[in-house]
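All remarks here apply to the structure that follows.
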Amino acid sequence: MGLALAGALLVGAVGLAWTGAGRAVLRSLRALFDEDAARVTIPEGFSRFEIADRLAARGVCPREAFLAATTDAALLGELGVPGPSAEGYLFPDTYAFAPGSAPATVVRRMVETFQARTRALFAAHGDALTARGVSAHDALVLASVVEKEAVVADEQPVIAGVFWNRLRRAEFTPHRLQADPTVSYGCRAAPESAPSCARFDGRRITRTMTNDPANPYNTYRHDGLPPGPISSPGLGAITAAVAPAAHDFFYFVARGGRRHTFSRTLAEHDTAVGAWHELRDKAP
């Protein structure tokens, strides 16, 4: 980092020192000048389990100790995180941590970064969320699903709109997200709860898994949002969840090129699915 840039960042951070954002920036700056710090990039869409693996691989803290910290009720209460874990609140970013950091310190840093980066967004859309009967936590849960389903950024608001339509519109019943990533997360988070998870290989979602109501995260069998976030969404997915695109789509399916075909009716969707299967079968 150039000295001029570092100085500018330091001046800005001092100006924000008494805010959450300022404290997060100051910690980041201190870490950047620590030659022994382990720099860890957490991609958008990582779950707390994947984050734990990466932190352990970089020598930041042991995997199981970090996961335990993400479910520490006292720590979550201190940080104002609702629910039984910090899933979804561990903001995806590049961090510098001292090797052998206390797991609680790592969780606290990531959650405080989430709060600093999303505070203005939730404040700006707070009235609209309240009018729709949606909490900030609800929006974050949906954003975590959008992050796993959307591949290109410009489809995130459209996919968020599909999911909200499924949950809110009378013509789509039952009100279920029907999202594969929620099923796989349930098998990762609570594998003992669902018999269908016994043979889950971490990749392929089977019909047996989507038919299993014992998986609490199975949005093919349970109405509404899953019990909590399933990943760490980025600002794009969170923005899409709080301000989704307005449309009449209820379905989407891959069409190649990392994009999706969106449909209003089941008949249209079945046609799009057939076209995707045909295209996939022709692929070399």
### Task
Give me the one residue out of Q115, E112, H137 that meets side chain to side chain donor-acceptor pair (under 3.5 Å) with Y89.
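Of the listed options, the one satisfying the test is H137.
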
### Task
Decide side-chain contact (heavy atoms from CB on, under 4.5 Å) for Y220 and N211; before the verdict, give the C-alpha distance in whole Å, the side-chain angles of both, and the deciding distance to 0.1 Å.
CA-CA 7 Å; Y220 286 93; N211 284 339; over 6 Å; no

Does the [X] side chain pair with the main chain of [Y], one donor and one acceptor, at a distance under 3.5 Å?
{"X": "S85", "Y": "E87", "result": "yes"}
{"X": "S144", "Y": "I230", "result": "yes"}
{"X": "T118", "Y": "L121", "result": "no"}
{"X": "E155", "Y": "A150", "result": "no"}
{"X": "D72", "Y": "A104", "result": "no"}
{"X": "N165", "Y": "F249", "result": "yes"}

Do the side chains of [Y] and [X] get nearer than 4.5 Å, heavy atoms only?
{"X": "P84", "Y": "T71", "answer": "no"}
{"X": "S193", "Y": "P216", "answer": "yes"}
{"X": "V162", "Y": "R166", "answer": "yes"}
{"X": "Y95", "Y": "T41", "answer": "no"}
{"X": "R207", "Y": "S196", "answer": "no"}

### Query
Is the NZ or CZ atom of R109 positioned over F97's six-membered ring, under 6.0 angstrom from the centre and within 45° of the axis?
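Satisfied, under 6.0 Å and within 45°.
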
### Message
Check for me whether R132 meets the cation-pi criterion with W164, that is, NZ or CZ under 6.0 Å from the six-membered ring centre and within 45 degrees of the ring axis.
### Response
yes

Would you give the length of the straight line joining atom [atom1] of [X] to atom [atom2] of [Y], rounded to the nearest 0.5 angstrom?
{"X": "T182", "Y": "R176", "atom1": "OG1", "atom2": "CZ", "result": "11.5 Å"}
{"X": "H175", "Y": "R168", "atom1": "NE2", "atom2": "CZ", "result": "9.5 Å"}
{"X": "N215", "Y": "T210", "atom1": "CG", "atom2": "OG1", "result": "10.5 Å"}
{"X": "Y251", "Y": "E268", "atom1": "OH", "atom2": "CD", "result": "10.0 Å"}
{"X": "L266", "Y": "F172", "atom1": "CG", "atom2": "CZ", "result": "8.5 Å"}
{"X": "L55", "Y": "I42", "atom1": "CG", "atom2": "CD1", "result": "5.0 Å"}

### Task
For residues F252 and F163, establish whether the separation of their ring centroids is below 6.0 Å.
yes

Using 4.0 Å as the upper bound for N to carboxylate O, is an ion pair formed by [Y] and [X]?
{"X": "D180", "Y": "K148", "value": "no"}
{"X": "D53", "Y": "R188", "value": "yes"}
{"X": "E78", "Y": "R108", "value": "yes"}

Answer yes if [X] and [Y] sit in the same cluster of Ile, Leu, Val, Met, Phe, Trp and Tyr residues linked by side chain heavy atoms under 4.5 Å apart, and no otherwise.
{"X": "I205", "Y": "V273", "result": "no"}
{"X": "V183", "Y": "L225", "result": "no"}
{"X": "F49", "Y": "M209", "result": "no"}
{"X": "F250", "Y": "I159", "result": "no"}
{"X": "V106", "Y": "V111", "result": "yes"}

If I compare all heavy atoms of [X] with all of [Y], which pair ends up nearest, and what's the gap?
{"X": "I51", "Y": "S232", "answer": "CD1-OG, 3.7 Å"}
{"X": "R264", "Y": "D248", "answer": "CG-O, 3.5 Å"}
{"X": "E44", "Y": "L235", "answer": "OE2-N, 4.4 Å"}
{"X": "E149", "Y": "H260", "answer": "O-CE1, 3.6 Å"}
{"X": "R39", "Y": "A96", "answer": "CG-CB, 4.1 Å"}
{"X": "P233", "Y": "G88", "answer": "CD-O, 3.8 Å"}

#### Entry: Criterion salt bridge (charged side-chain N to carboxylate O under 4.0 Å, His left out) on D212 and R221, from CA distance to verdict
CA-CA 7 Å; D212 187 357; R221 288 293 172 265; over 6 Å; no

### Message
Determine whether L90 and F66 satisfy the following criterion, side-chain contact (heavy atoms from CB on, under 4.5 Å), listing intermediate values before the conclusion.
### Response
CA-CA 12 Å; L90 305 168; F66 173 79; 4.0 Å; yes

### Query
When you look at CG of D127, are more than 12 heavy atoms from neighbouring residues, nucleotides or ligands closer to it than 6.0 Å?
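Counting neighbours around CG of D127, 12 or fewer heavy atoms of other residues, nucleotides or ligands fall under 6.0 Å, so no.
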
### Query
So R117 and D93, salt bridge (charged side-chain N to carboxylate O under 4.0 Å, His left out) or not? Walk me through it.
CA-CA 10 Å; R117 296 289 296 277; D93 204 347; 3.4 Å; yes

### Task
Run the numbers on S184 and F200 for side-chain contact (heavy atoms from CB on, under 4.5 Å), then give the verdict.
CA-CA 8 Å; S184 60; F200 180 49; 3.5 Å; yes

### Task
Might you work through the side-chain contact (heavy atoms from CB on, under 4.5 Å) test for L177 and L142, ending with a clear yes or no?
CA-CA 9 Å; L177 293 184; L142 190 81; 4.1 Å; yes

### Query
Aromatic rings F114 and F91: how do their planes relate, parallel, tilted or perpendicular, breaks at 30° and 60°?
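Aromatic pair F114/F91 classed tilted.
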
